[in-house]
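Structure record follows, encoded as structure tokens.
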Amino acid sequence: MAKLDESLLSGLPPFSLLGRAQIREILDQARTQRFDEGAQVFCEGMDATHFHLLLDGYLRVVRTTPGGDQIIVLHISPGQLFGIAAALHRDTYPATAVTAAESIVLTWPSHLWEGFTSKYDGFATETYKTLGRRLGQIQDTMTEIATQAVEQRVAAAILRMVNQSGRKTDAGIEVGFPVTRQNISDMTGTTLHTVSRTLSAWEKDGIVRSTRKHIVVTAPHRLVQLCGH
DNA sequence: TCATTAAGTATGC
DNA sequence: GCATACTTAATGA
């Protein structure tokens, strides 16, 4: 594989304070991997041998309940570190990471983590910020599931995806990776049938337009109204 | 209000 | 043409 350019990392928060030489150093210790849509980068319970950064694509972080159904905990966007709770404390991964779209991932052995946090300025603090944001987001979702009606939860989930990955189209703003009704039900604690009915109703109301695995939000303000924030 | 069952259509490799 | 994605109606907790 060809050498990666320093510019790939230079803009990203964990590395923003670093010079070219340091970024070169970090890149030279990384392995690059491409994953097809739907592939697992690591699996819940596996030995946490590596930590990762998503260069391109999108990931779902998934936990499987004892009952066997899966819930989508959060999504990872390009430029974000993941599989890092492992590098901090745990010896196994607490969740499974599945690619939502074809993805490029940088990977480092976990034993480098200590050195990264002590050696590279800003790396540790930015990582804590990321973890804090994710924890906050998970808590928001938990609160929604406990207190909000299904329609509001689905609205919030779609808004979250759009905020994280939205791309403009002529019709509106589109979720930047493939999503199924089933995926949305796994984020909101409902069934794919209810999600399907909800989206159909919104489509009639002109709030969204959707085709298989693609959702375009045509009236974002109305979705915001629906979830009541 | 929503899950479940069931029975269908649409879509894309 | 088959698996997967999606839709809709009916029923009942």
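Chain naming here is simple, since letters A, B, ... match the order of the sequence lines and numbering starts at 1 in each.
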Distance check needed: [N] [atom2] versus [X] [atom1], whole Å only.
X	N	atom1	atom2	value
A:Leu192	C:dT7	CG	C1'	10 Å
A:Lys213	C:dA3	NZ	P	16 Å
A:Ile184	B:dA3	CD1	C1'	18 Å
A:Gln152	B:dT1	CD	C1'	12 Å
A:Leu199	C:dC6	CG	C1'	10 Å
A:Glu151	B:dA3	CD	C1'	17 Å
A:Arg181	B:dT9	CZ	P	19 Å

Could you check whether the side chain of [X] and the base of [N] have a donor-acceptor pair of N or O atoms closer than 3.5 Å, going by distance alone?
X	N	result
A:Arg197	B:dT1	no
A:His193	C:dT8	yes
A:Arg212	C:dT4	yes

Looking at every heavy atom in both A:Thr191 and A:Ser185, which two are closest together, and how far apart are they?
C-CB, 3.4 Å
Salt bridge or not for A:Lys119 and A:Asp121, using N-O below 4.0 Å?
no
Ignoring hydrogens and geometry beyond distance, is a side-chain donor-acceptor pair present between A:Tyr58 and A:Gln164 at under 3.5 Å?
no
Between A:Thr143 and A:Asp140, a side-chain donor and acceptor under 3.5 Å:
no
Picking from C:dT7, B:dT4, B:dC2, which would you name as closest to the side chain of A:Ala149?
B:dC2
Any [X] side-chain N or O less than 4.0 Å from OP1/OP2 of [N]:
X	N	answer
A:Ser196	C:dC6	no
A:Ser200	C:dT8	yes
A:Thr194	B:dC2	no
A:Thr190	B:dA3	yes

Using a 4.0 Å heavy-atom cut-off across all strands, classify A:Thr180 as base, sugar-phosphate, or nothing.
sugar-phosphate
A:Met46 CE: over 12 foreign heavy atoms closer than 6.0 Å:
yes
